[in-house]
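The figures here come from the full heavy-atom set of this structure, side chains too, leaving out hydrogens, waters and symmetry mates. First the proteins, then the strands, lettered A, B, ... as listed; each starts at 1.
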Amino acid sequence: MIVNVIVDVASQAVDRIFDYSVPEEMQETMSAGCRVHVPFANRPVQGFVIGIKESSEVPAAKLKPVQEQIDLTPPLTPELLQLAESIKEETLSLHVSVLKAMLPQAMRAKYKKSVFPGAAVAKLDQNLQKHFAESKFIENWDEWIKEASEEDKISAAKAIRKGLLIVEPKVTTKDAAKKQLVYASILSDADAENHIGELNRKAPKQAAVLNFLQSSKEEHTAKQLEPYGSKAALEALVKKGLISKNEAVLNRDPYEGRHFETSESLTLLPAQKEVLSDITRVIDKKIHRTFLIRGVTGSGKTEIYLQAIDKVLRNGKEAIVLVPEISLTPQMVERFKARFGARVAVLHSALSKGEKYDEWKKIRDKKVDVVVGARSAVFAPFENLGIIIIDEEHEASYKQEESPRYHARSVAISRAEHYNCPVLLGSATPSLDSYARAQRGVYDLLTLENRVNDNAMPAVTLVDMREELKSGNRSMFSDDLIERIKDRKQKGEQIVLLLNRRGYSTFIMCRECGYVPQCPHCDISLTYHRTNQSLQCHYCGHRETVPTRCPECDSDQIRFFGTGTQKVEEELHKTFEDLSIIRMDVDTTRRKGSHEKLLTAFGKGEADVLLGTQMIAKGLDFPNITLVGVLAADSMLHLPDFRAAERTFQLLTQVAGRAGRHDKTGEVLIQTYSPEHYSITEVKEHNFLSFYEKEMYMRKMGGYPPFYFLTMIHVSHTDLQQVVQVTEKMSAYLKSSLSESTKIFGPVASPIPRIKDRYRYQCMIKYKIEPKLMEALQELMHSYQSDIARTDLQIIIDTNPFMMM
DNA sequence: AGCACGCCGACT
DNA sequence: GTCGGCGTGCTC
C-alpha cells in the first residue's frame, strides 16, 4: 500500500506529492485525509495523506515507510481534500498551507530538536560536560542556543559536527483531546445501599462517593468527585465492583454555565415570507443556488436565516453561518443558541486554541449541525451540508490577507455546488461584485426594503466642513453637532460618534519648513500618541520621542495635525463638562473581552457617548441611541484603492443604521469636506441602487471589477534596485506571454513604498478572459523560486485582491 | 524550508 | 592537516 503525502514544508520546491509505503499494521486504518509523520530529508515531518494507491512509480529504493499515523478518523473529508486542491490552483498557494488552513491551530505539528551526548561524554568541553551532568539532554535545542553564551554556542556546534553530541529532530502533534477517567455507579440502588452501611463504618470516603454517584446517576471525572473522596477511594470502589471506570474525551464548552433563553420562530412579515419561500423552494429541490438578500438594517434578515436553517435541520442536514469576526458578539451567538440550543458550535478568534479545537471536534463527531463562525468556519468538516449563510457579505474580513488568500464567499459557493444546496449572502450594502452578479442573474436577488417595526430610516444631515471653516469654526465639531449633542444629553438619550482614525494626532509638522517626521524603516509619517508622549509607526511599531525643535530648521513651531479618537475624547470633555464617554478603538479593545465589556457598559447606559473607529459600526442595537455623528466621512474616500467609495458608502450606511432602531426616532449627522460625492450623498438618501449605478459607471470607466478581473503582484526586497529589476522582468514576461486584450500596469512603487526596510513594488494585471494567466503566474513563481529561497526577495501574488496597498 | 555534501580559504 | 564558511542540490 502506497500513500500520496503532502509534506508540511513551506516551500515551492517541495510543493508536490511524495509517495510513502504503509507498514502492515497501519494498512487497516489508513485513509485519505489522515495526518501522518513521515521521514523527509533526514528528519521527521508532518504530512497529509491525500490519496491511497497500490503501487508507485517511485523506485522502491527511494520509498520510505510512514512513521506514524496520527488520526484514526481522518480530520479532512474527501470533499475538503478536493476543495483544497481547487483553492490551491485558484489562489496559487502551497498545497500544504491550504490543508493547514482547514484545520484548527491546535492540530498543527510542532517541531523541535533535542540534543544528547553520544558515547564519549569525556571528550566534550568542560562547560558542556558540566551541563550534561546536570541534565541528561537538552530538550529544546533552538531555545537553548538562543540563551547560551558565545563559548557554549561554539563548543556545542563543534561537538555536533564531531558526533559527540547527537541531534534528534522531533515532530509532536498535540492531541488536544484529553482523555479523562470518568466514574459511575453500576449497581442497583438496593445493592449500593447494602454496601453503604458497611462502608460508612470502614471507609466513609468511599461511602460518600457512592452516595453521590447514586443520587446523580451520571458519570463524573475524578476531579469532580474530589470533594467526596480521593482517587484512592475511587479505585477501591472500582475494585469492589461497585462503580465502573471509563475513559472518555471530555470537551470544554466555552459557553458552559451560560443560560440561553429558548426562542421560537417569529411570525414573518409578508416580505420576509416571500424571501424565505424562495429559499425553501431551492432547499426542497436539492439544487444549488446563490441568493443575495439585500435588506436594509433592521429588515429582519437574521430571522430568515434562522428559519431557513430550521428547515435544513428538519431535512437532517447541516448549516454553516459566517459572520464578520467583529460582530461575532455574545448577542449574535445567543440568537443562534437560543433557537438551536446544543446543536450549535461557535468558532471565533476570542476562543482559546483548545476551545476552538473542541468546537471543531463537535462538528467532526457530528455532535452539532449548526456552526456559527468567522471566515475559517467555511471549512467546517460537515459531510451533509444543507445551507451556507454569509451575513454582511460585503465585509473585507471574508478575504484572508495571508496565504492562502481565499475568499470565504467563493469557497462557500464551491462547497454548496458540491452538496447541491443554497448559499445565502446577506447585506444592507452588498458588495458591487455580488450585486452585479445578481443583476446578471448569476445570483438570485431578494430584497427587503422595509424595517420590521416599520420605523422610518433615520434622517441624515450632511454638514459641509468647508463652510464651517469659512464661518470661523476651526474645531472638529460643527455647530450643528454641538447643538444636537447638548440636546441628547439633556433628554438622556445616547450618542454614537464615528472617527475612523485612532491615536491622537495623525502627524506632526514644522510650521516653518513643513518638515514631517517619518518612520526610518517605512515610508510613512509617524503618528503622535499622547498617552506615552511618543511618535509611533503603525506599520512596524517604531517609536521615538516627540522633538521640541524641528530637526531640519531648528524652529520651535512644531504643531499637531489631524485628529484621532484620543484627541476627540479630550476635546469632547473640554466642550461638555459632564459628558461621559466610552472610547472604543484598537487601543482600548486590545485585551480579550474588552470589546464586549465596553459595549455592555454603553448598553446599560453607563455613558452618554460611544466614540470609536469603524468597529462600532457593527452589531450594536441599543434603543436609546438617537444620534449618530460621523466626524470625518471622507477619511477613507481618498485612499489609493478603487474600492474606497464603496467602503465609504458601506461604512456610513452601517453606522447610520445604528440610530433609531426602536421606537425613538433617530438622526444621523455626517461631517464632510466632500458633501457632493455620491458615496456620501446617497447615504443621505438611503439609496443603494443609485449609489450602485454611479459606482458601476466609475468602475467601467476605470476598468476595474466587476467589469475586469484583477491580479496583483507584490514584490519586495531590502535592495531597491533588485525590486525594480525583478518587477520589470516579471512585467515584461507577462506582457509577452499573455493575450493582447490583457493589460499589465507597472512596475510601480506601492502606495507605501517601504515597510520595515523592505522596498515594495507592484504590478497589476487587468483582464476579461485570460486562460493562460494561471499557467503564466505558476511559471513566474517557479522561475523566481531559487531567488526567493536564497535572497530576501519576496513575491506575493493576489488573484482577486481586496486591499491594493 | 532544512539538511548533507563539497569546495575553498584560514589558522594551529 | 583540520576547521568552518557558504553555495548547490535534493527531499518519496
Side-chain angles (χ1 to χ4, degrees), chain A residues 1-23 26-27 30 32 34-70 88 92-101 108-115 118 123-125 128 140-146 148 150-173 402-404 722 781-796:
Chain A
M1 185 190 261
I2 302 294
V3 280
N4 293 139
V5 173
I6 300 294
V7 291
D8 180 21
V9 178
S11 161
Q12 194 97 42
V14 292
D15 186 26
R16 58 195 156 95
I17 293 170
F18 287 90
D19 287 0
Y20 286 87
S21 62
V22 183
M26 290 179 207
Q27 297 199 356
M30 187 59 77
C34 284
R35 294 169 304 155
V36 287
H37 288 170
V38 291
F40 189 72
N42 289 316
R43 74 211 140 105
V45 297
Q46 187 176 89
F48 292 88
V49 174
I50 62 158
I52 296 184
K53 51 185 184 174
E54 275 318 307
S55 62
S56 172
E57 293 79 68
V58 178
K62 276 190 162 184
L63 270 183
K64 288 179 186 168
V66 172
Q67 216 164 57
E68 199 189 333
Q69 182 183 339
I70 301 160
K88 158 199 142 82
L92 293 163
S93 308
L94 298 178
H95 202 155
V96 68
S97 66
V98 182
L99 293 167
K100 281 163 91 174
R108 299 215 178 143
K110 290 201 173 59
Y111 299 92
K112 73 176 179 189
K113 283 173 261 175
S114 57
V115 172
K123 283 191 189 167
L124 284 173
D125 286 359
L128 286 176
N140 191 336
W141 172 249
D142 291 310
E143 228 163 71
W144 186 86
I145 203 87
K146 250 190 257 163
E150 281 308 308
E151 314 157 59
D152 280 1
K153 275 183 201 173
I154 294 165
S155 59
K158 260 186 206 167
I160 288 170
R161 190 170 257 274
K162 283 184 192 155
L164 296 173
L165 287 181
I166 295 158
V167 180
E168 194 178 77
K170 275 192 195 138
V171 216
T172 45
T173 305
E402 308 99 61
S403 178
Q722 285 286 314
M781 283 310 266
H782 278 126
S783 57
Y784 284 99
Q785 178 197 304
S786 70
D787 285 312
I788 291 169
R790 281 200 336 270
T791 71
D792 60 7
L793 174 70
Q794 201 190 5
I795 299 172
I796 295 168

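A/Tyr20 places no side-chain N or O within donor-acceptor distance of the main-chain N or O of A/Gln67, the cut-off being under 3.5 Å. Side-chain N or O atoms of A/Ser97 include none that pairs as donor or acceptor with a backbone N or O of A/Ser93 at under 3.5 Å.
Between A/Lys88 atom NZ and A/Leu99 atom CG the span is 10.0 Å, to the nearest 0.5 Å. Interatomic distance, CZ of A/Arg790 versus CD of A/Gln785, reported as 11.0 Å (0.5 Å rounding).
Residue contacts for A/Ala157: at a heavy-atom cut-off of 4.0 Å it reaches no nucleic acid atom on any strand shown. Using a 4.0 Å heavy-atom distance criterion, A/Pro39 is classed as a sugar-phosphate-only contact.
The CZ-C1' distance, from A/Phe40 to C/dT11, rounds to 4 Å in whole Å. In this structure, A/Ile160 atom CD1 and C/dC3 atom C1' are separated by 15 Å, rounded to whole Å. As a whole-Å value, the separation of A/Lys62 NZ from C/dC12 C1' is 7 Å. We find that CG of A/Asp15 is positioned 14 Å from C1' of C/dT11, with the value rounded to whole Å. The NZ-P distance, from A/Lys53 to C/dC12, rounds to 15 Å in whole Å. Summarising the geometry, the separation between NZ on A/Lys64 and P on C/dC10 is reported as 15 Å, rounded to the nearest angstrom. Taking atom CD of A/Gln67 as the reference point, atom C1' of C/dC12 lies 14 Å away to the nearest angstrom. We find that CG of A/Asp8 is positioned 14 Å from C1' of C/dT11, with the value rounded to whole Å.
Using a cut-off of 4.0 Å between Lys/Arg side-chain N and Asp/Glu carboxylate O, A/Lys112 and A/Asp142 are scored as not salt-bridged.
By the side-chain contact (heavy atoms from CB on, under 4.5 Å) test, A/Asn4 is found to be paired with A/Ile17, A/Asp19, A/Ile50, A/Lys53, residues two or more places apart in sequence or in another chain being considered.
Of the residues in residues 782-789 of chain A, not one comes within less than 4.0 Å of DNA chain C through any heavy atom.
For A/Arg161 and A/Val9, each mapped to the nucleotide of DNA chain B holding its nearest heavy atom, the one lying further toward the 5' end belongs to A/Val9.
Taking 4.0 angstrom as the limit, A/Lys158 places none of its side-chain polar atoms (N or O) nearer than this to OP1 or OP2 of C/dC3.
The side chain of A/Arg790 approaches C/dT8 more closely than any other nucleotide in the set C/dG4, C/dT8, C/dC12.
Between A/Pro404 and A/Ala101, the shortest heavy-atom contact is CG-CB, 3.8 Å. Minimum interatomic distance between A/Val45 and A/Tyr111 (heavy atoms only, all atoms of both residues): CA-CE2, 3.7 Å.
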Before you tell me yes or no, could you show the steps for A/Gln46 and A/Thr173 under side chain to side chain donor-acceptor pair (under 3.5 Å), namely the whole-Å CA-CA distance, both residues' side-chain angles and the distance that decides it to 0.1 Å? CA-CA 8 Å; A/Gln46 187 176 89; A/Thr173 305; 3.0 Å; yes
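Mapping heavy-atom proximity under 4.0 Å, the span of DNA chain B touched by chain A runs 5' to 3' from B/dA1 to B/dA4.
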